[in-house]
Undergrad: 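One structure is given below, represented as structure tokens, and several questions about it will come after.
Protein chains get the first letters and strands the later ones, always in sequence-line order, with residue 1 at the start of each.
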2 protein chains.
Amino acid sequence: MAGATPTATRSTGRSTRQKAVIDAALAEADGFVTAQELHERIKSQGDRVGLATVYRFLQTLTDAGEIDQLRLPDGEAAYRRCSRGHHHHLVCRVCGRAVEVEGPAVERWAARVADAHGFTEVRHTVEIQGRCADCSSAAGRAERM
Amino acid sequence: MAGATPTATRSTGRSTRQKAVIDAALAEADGFVTAQELHERIKSQGDRVGLATVYRFLQTLTDAGEIDQLRLPDGEAAYRRCSRGHHHHLVCRVCGRAVEVEGPAVERWAARVADAHGFTEVRHTVEIQGRCADCSSAAGRAERM
DNA sequence: TGCTGTAATGAGACCCGATATCAATATTCG
DNA sequence: CGAATATTGATATCGGGTCTCATTACAGCA
């Protein structure tokens, strides 16, 4: 654990202790984490980083394209280190578990459709929500209010 | 056991003037609208419906599957009347013009991906944003402020 | 190496979307 | 018609996320 990543200097501004901590916590986090969760995680590690800084750095990383941001069903933002370039997410609306999926077909479709309508500088958002296997087999529709 | 919830048709409850107004406003709105926009729209029509009621009814309709709820990039919730015909939108990020597009290929892709991961009760959201032909030929960088 | 300009930090105020509260009101049904 | 109760709505409240601004720390320069 002590093996703090050397934190390579990125194009995200000056190198600071806080950025290194956030970066490491993000790396350790398996799956998606919200800014608040990340903040808690850091605190429980004994480190101290302001919540605002967590939000700021996550935003910076998102802008730099180094992490991926998505919205949980309730609108809260979640982040994850994105391994590859462009991909989409399949999110369980019950437990929030997310799976990264790729869709070359979708990319082509989007590009084709946009082009056909004369649109440029195109970006698209694809979110698939459902109920994952675990949440389906379990008492899925126990209570619904 | 216990009295199996009749559940029959837990429609949208009693019929009230407010629900009719919201429903009508939702029908007039072409594309997506947020709860607040809908509330404003209703007020400017001379009708009076509480904001809480707008939120409540939109939630009810969403639960009943009569409208679709999606999240705007900033996390705000937007709603759209869910017509039997499923389609998506191509939106110009400059002038806001929207074009309805269909994508059978995307539907199949989404279904296949979800199935491959064991997800059920799947729904998906696809939004394509770009700069339309008019806004491309015109001023280049008129980013919003 | 020490100094200095400036980006970065952080505690808390603040913003705003969404929900909860609860008395008053409207709707449905016997 | 009148009772039972679902619904409404003004407002309080909640919570995620951003902004402010004095303080701190990084990095380049002499």
Side-chain angles (χ1 to χ4, degrees), chain A residues 4 6-26 32-43 45-64 66-67 69-79 93 96 144-145, chain B residues 5-26 32-43 45-64 67-79 144-145:
Chain A
T7 309
T9 308
R10 293 197 171 76
S11 57
T12 49
R14 293 183 178 177
S15 306
T16 66
R17 179 186 65 79
Q18 289 84 347
K19 289 180 182 174
V21 171
I22 296 173
D23 207 49
L26 200 54
F32 293 92
V33 280
T34 63
Q36 313 257 3
E37 286 172 353
L38 208 54
H39 185 234
E40 281 303 316
R41 195 177 288 244
I42 290 173
K43 262 201 301 191
Q45 282 179 357
D47 283 307
R48 267 176 62 82
V49 174
L51 181 58
T53 299
V54 173
Y55 274 107
R56 259 187 308 238
F57 192 47
L58 285 175
Q59 189 57 57
T60 299
L61 287 177
T62 299
D63 291 343
E66 295 194 17
I67 61 173
Q69 177 191 58
L70 69 87
R71 294 279 165 182
L72 298 181
D74 69 348
E76 196 176 351
Y79 304 82
R93 70 166 66 91
R144 187 56 181 165
M145 261 206 72
Chain B
T5 314
T7 314
T9 305
R10 189 179 181 101
S11 57
T12 52
R14 293 182 178 177
S15 310
T16 66
R17 179 186 64 79
Q18 289 85 347
K19 288 180 182 174
V21 171
I22 296 173
D23 206 49
L26 201 53
F32 300 98
V33 279
T34 64
Q36 312 257 5
E37 285 173 353
L38 208 54
H39 184 235
E40 281 303 315
R41 197 177 285 245
I42 290 172
K43 261 202 302 190
Q45 282 179 358
D47 283 308
R48 215 176 290 274
V49 175
L51 181 58
T53 299
V54 173
Y55 272 107
R56 256 186 311 237
F57 192 47
L58 285 175
Q59 189 55 57
T60 299
L61 288 176
T62 298
D63 290 343
I67 60 174
D68 276 331
Q69 178 190 57
L70 68 87
R71 295 280 166 180
L72 299 181
D74 68 351
E76 195 176 350
Y79 304 83
R144 43 184 284 196
M145 265 195 71

Undergrad: Would you indicate whether the side-chain heavy atoms of A/K43 and A/D47 approach each other to under 4.5 Å?
TA: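 No, their side chains stay 4.5 Å or more apart.
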Undergrad: Within this structure, what is the CG-to-C1' distance between A/D47 and C/dT9, rounded to whole angstrom?
TA: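 These atoms are roughly 15 Å apart.
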Undergrad: Rounded to whole Å, how long is the line connecting atom CG of B/L58 with atom C1' of D/dT7?
TA: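 In whole Å, D/dT7 C1' and B/L58 CG are 15 Å from each other.
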Undergrad: Name all residues meeting the ring pair (Phe, Tyr, Trp, His ring centres under 6.0 Å) criterion together with B/Y55; count only those two or more places apart in sequence or in a different chain, and write none if there are none.
TA: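 B/Y55: no ring pair (Phe, Tyr, Trp, His ring centres under 6.0 Å) contacts found.
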Undergrad: Got B/H39 and B/I22 here, is their nearest side-chain heavy-atom distance under 4.5 Å?
TA: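 A side-chain contact under 4.5 Å is absent here.
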Undergrad: Would you kindly give the CZ-to-C1' distance between A/F57 and C/dA7, to the nearest whole Å?
TA: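 Whole-Å distance recorded here is 14 Å.
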Undergrad: Should B/T16 be listed as having a side-chain N or O under 4.0 Å from OP1 or OP2 of D/dT8?
TA: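 Yes.
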Undergrad: What's the NZ-P distance between B/K19 and D/dG9, to the nearest Å?
TA: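 Taking NZ of B/K19 and P of D/dG9, I get 11 Å after rounding.
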Undergrad: Return the value, rounded to whole Å, for the distance between atom CZ of B/R14 and atom C1' of C/dT28.
TA: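 Checked: the CZ to C1' distance equals 5 Å.
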Undergrad: Within the structure provided, determine whether A/E76 and A/Q36 are in side-chain contact (heavy-atom separation under 4.5 Å).
TA: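 Yes, at least one pair of side-chain atoms sits under 4.5 Å.
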Undergrad: Are any of the side-chain heavy atoms of A/L61 and A/L26 separated by less than 4.5 Å?
TA: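 Side-chain contact under 4.5 Å: yes.
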Undergrad: What is the separation between atom CG on A/L70 and atom P on D/dG17, rounded to the nearest whole Å?
TA: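 From A/L70 CG to D/dG17 P: 11 Å.
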Undergrad: Ignoring hydrogens and angles, tell me if any N or O in the side chain of A/K19 forms a donor-acceptor pair with the backbone of A/T12 under 3.5 Å.
TA: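 Checked: pair present.
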Undergrad: Let me have a per-nucleotide readout for nucleotides 10-22 of chain C, 5' to 3', with B, S or -, counting only protein heavy atoms under 4.0 Å.
TA: BB-----SBBB--
Undergrad: Starting at CD of A/E37 and ending at P of D/dG15, how long is that distance when rounded to a whole Å?
TA: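 My rounded result for the distance is 15 Å.
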Undergrad: Separation of A/K43 atom NZ from C/dT9 atom P, in whole Å?
TA: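 Distance check: A/K43 NZ to C/dT9 P gives 18 Å.
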